[in-house]
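First listed ligand is number 1; within each ligand, the first listed atom is number 1.
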Amino acid sequence: MEAVLILNGLNCPDCAEKIRRRAQNVDGVKAAEMNFMSKELRLILESESQKENAIEEVKKIVSDIEPDVEVLLDSANTEEEFDKNSFKMEIAKLFAAFSFFLAGVLIPMPFWWEFSFLILAYFLSGWEVLVRAIKNILKGEIFDENFLMALATIGAFAIKEFPEAAAVMIFYQAGELFQDYAVNRSRKSIAKLMDIRPDSANLKTSDGIKAVSPDKVAIGDIIIVKPGEKIPLDGVVENGSSLLDTSAMTGESVPRAAKAGDEVISGCISLDGALEIRVTKPFGESAVSKILELVQRAGEKKSRPERFITRFARVYTPIVVIAAALLAFVPPLAFGLELRDWVYRALSFLVVSCPCALVISIPLSFFGGIGGASSKGILVKGGISLEALSKCKAVAFDKTGTLTKGVFEVDGIYPQKISKDELLKFAAAAESFSNHPIAVSIKRAAGIDDFSGRGISAREIAGKGVEAGFDGHRILAGNKALMLENGITPSDAEGTVVHVALDGEYAGYISLSDTLRSDAAQAVKKLKAAGVEKVFMLTGDGTENAKKVASAVGIDAFYANLLPHEKVEKVEEILSGLKDGEKLAFAGDGINDAPVLARADIGIAMGGLGSDAAIEAADVVLMTDEPSKIADGIRISKKTIRIVKQNIVFAISIKILVLILAAFGLAPMWLAVFADVGVAFLAILNALRAIRA
Ligand code: ADP
Ligand code: MG
């Protein structure tokens, strides 16, 4: 049971975390996950009946912590984003405040006049900060940034630093404004990368074409996609032909042709023709929905740096505030030094005590990296996976379907005693329920794809083949091992072959050929260039085939004849050979390797060919099925982590530097403000680089 709330106008990650923590304690809520980038709060509920109550409670919490945030239940109308008018209003207000400030400081005038100008500038820019600070004190949230700024500036007034107080408030508010602006800009550019959600579908009905919401379309309905429109649901083309721009879904820039009979996926854009499409999947299960779901959940799995920052923020602020209190009063009381001077130094402490720069820039960098990767057809399921990818030192590939296309062609049928057609028919019947690429190609060659109602019972023996009952016969179809363990001696044909036995007697074999993916060799080369030290291949296929592929592609070491559980054991063996902190990625299509995908540090699934189970189990999904994209993913992850580290080091060292300078009386308050909002702004700009993968 889940409920998803959209928190419109949520711009402070610190508050987002506070909201999440309190939402988690609401009755009936098992867990709360916050995605700051998509502004979604996901509540995992104990039961449906508690949903309304829990939502009401959470709404109260939100209005408590962030009164300006609007809580929505539907993601459809979150277009608001950044309100241009209120942004202009804020700018105008700050400009007016700054003019009063300049007038007060530059024009010679009697003290009370000057004071009035500065007070005016102060309230004009800082009124909201003061109001929010008071509200928060009433609620017991002491270390809130509004309160800290209010305290610092009021303190400045108290020690008669009037121009300082006004300037600090104006500077702070300007910084906040630009921070909001930058966060919104980056959110927008990330959202644009993932703008694949279709708005409506043109449904063909008995009385003409009607535009309806995609989730209202049923399986079997006919929809029309005009040139330039996005395909809203997965389906099969009934009529028409067109070039499809699949880049939003796969990152592939070359358009693909689609004609009657072809399968098409939602999210692609029909470029030059109109298509009539028979819908084969409801909207919730269409490609677009699945990808959106993956991407939206990505922000919820927090990486180590993200968790570190949340913890850091919680201790940093109280420590600095306590240090400020000690700094203000201990030297004057203990050594009789001038109180005013030390209070001033302490005020600078208060200004830098907010951890905003980090808290905001780190999730933003991760999200940028994930967004940039997805624009290249590499879906990374969260910060944890992106971080792991950056430490990837070994990659193991599955062979069939991963390094090879997994589209076999039957190139020879060698029966014994029965006819070629019969052998193919028995093999196809035995494979009727299998999704293995070999099975698919045999069924295609036999020209039969629907075996329902023929009384077939079949069982898949993973990594070996199938056993089936059909037409009163017991059929075995599979590799040498399968034959041998059933006491049957197969022919010693080479290459990829499927041996068939009828009622315990050898009936011949079918030979197949698979082709290497065109970028398989390049994939290995690029991995090495990206810092991967060892590349392995694990396959259930025989040694001869494995050797051929391994040497063509440039694999360091390969292991053949592996059953699915042996692949897991091999992966564990490779893992134990890695140094601490080094990660192993396994790339597979999910057929006979879903358990390995889950076991490796980073499971990488082929999105186009891969099974749903594989895509589910994987940490990274390659939409174009190109293994060479793994190296791109590693490159993007390294860049993102580099940016994250830069931001952490930059922000923390500037803050510490300013704290030290302030303690010695060398940091004026305006410098402290720079260390706070200025650093945040620069860190956000730096984070934006992660998007441009
Ligand atoms: P890979 O690890 O290279 O992807 P698999 O583990 O999927 O290979 O399969 C290993 C071998 O088992 C195949 O090369 C094939 O000989 C045999 N096999 C597996 N499933 C089937 C099937 N459904 N029909 C025939 N042979 C099969
Ligand atoms: Mg495979």
Side-chain angles (χ1 to χ4, degrees), residues 396-408 410 423-424 426-446 451 456 458-468 475-486 490-501 507-517 520 536-550 553 555 558-571 586-597 600 604-606 609-611 613-614 625 627:
F397 284 100
D398 168 51
K399 179 179 74 76
T400 317
T402 308
L403 286 175
T404 70
K405 287 185 180 152
V407 184
F408 291 85
V410 169
L423 183 69
L424 190 59
F426 280 123
E431 298 280 16
S432 56
F433 299 114
S434 172
N435 288 324
H436 198 279
I438 290 183
V440 173
S441 60
I442 289 182
K443 285 183 276 188
R444 188 163 10 89
F451 287 88
I456 301 173
R459 178 170 82 91
E460 181 121 20
I461 305 155
K464 289 184 180 167
V466 288
E467 178 182 16
I475 315 169
L476 284 171
N479 59 14
K480 209 168 178 172
L482 180 72
M483 296 293 129
L484 292 176
E485 76 190 28
N486 282 279
S491 101
D492 49 8
E494 289 210 346
T496 305
V497 297
V498 174
H499 299 283
V500 182
Y509 66 93
I510 297 171
S511 80
L512 302 121
S513 61
D514 189 3
T515 41
L516 275 184
R517 287 192 189 277
F536 301 91
M537 184 176 87
L538 311 180
T539 178
D541 204 353
T543 315
E544 283 304 312
N545 277 339
K547 200 172 185 172
K548 239 185 270 165
V549 171
V553 173
I555 298 280
F558 72 89
Y559 304 95
N561 293 311
L562 297 175
L563 294 176
H565 71 271
E566 293 172 327
K567 286 187 184 174
V568 178
E569 286 160 17
K570 267 284 171 257
V571 156
F586 177 85
D589 60 352
I591 296 189
N592 291 337
D593 53 29
V596 209
L597 280 173
I604 303 175
M606 299 284 137
L609 192 75
S611 64
D625 287 359

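The shortest non-hydrogen separation linking Gly588 to Asp398 is CA-CB, 3.8 Å. Phe408 approaches Arg444 most closely through the heavy-atom pair O-NH2, 3.6 Å. In terms of heavy atoms, Lys399 sits closest to Ala546 at CD-CA, 4.4 Å. Of all the heavy atoms in Leu423 and Gly508, the pair that sits closest is CD2-C, 4.2 Å.
Using a 4.5 Å cut-off on side-chain heavy atoms (C-beta onward), Glu566 and Asn561 make no contact.
Close approach of ligand 1 to Gly478 (heavy-atom distance below 4.0 Å) involves ligand atoms 25 (C), 26 (N). Residue-ligand proximity, Asn479 to ligand 1, at heavy-atom distances under 4.0 Å covers atoms 11 (C), 12 (O), 16 (O), 17 (C). Close approach of ligand 1 to Glu431 (heavy-atom distance below 4.0 Å) involves ligand atoms 22 (C), 23 (N), 24 (N), 25 (C).
For the side chain to side chain donor-acceptor pair (under 3.5 Å) test, residues two or more places apart in sequence or in another chain that qualify with Lys464 are Glu485. With sequence neighbours excluded, no residue forms a salt bridge (charged side-chain N to carboxylate O under 4.0 Å, His left out) with Asp514.
Residue Asn592 touches ligand 1 through its side chain alone, judged by heavy-atom distances below 4.0 Å. Residue contacts with ligand 1 for Asp398 involve side-chain atoms from C-beta outward but no N, CA, C or O (heavy atoms, distance under 4.0 Å). Of all the heavy atoms of Lys464, the ones lying under 4.0 Å from any atom of ligand 1 belong exclusively to the backbone. The proximity of Ile438 to ligand 1, defined as any non-hydrogen pair under 4.0 Å, is limited to the side chain.
Residue-ligand proximity: Gly401 is placed with every non-hydrogen atom at 4.0 Å or more from ligand 1. Using a 4.0 angstrom heavy-atom cutoff, Lys567 counts as in contact with ligand 1.
Side chain of Lys480 to main chain of Pro490: no donor-acceptor pair is present (N/O by atom type, distance under 3.5 Å, no hydrogens or angles).
Nearest to atom 7 (O) of ligand 1 by heavy atom, out of Glu460, Met537, His436, is His436. The heavy atom nearest to atom 11 (C) of ligand 1, considering only Pro564, Gly588, Ala458, Gly540, is found in Gly540.
Taking only nitrogen or oxygen atoms, main chain and side chain alike, Val497 does not reach within less than 3.5 Å of ligand 1.
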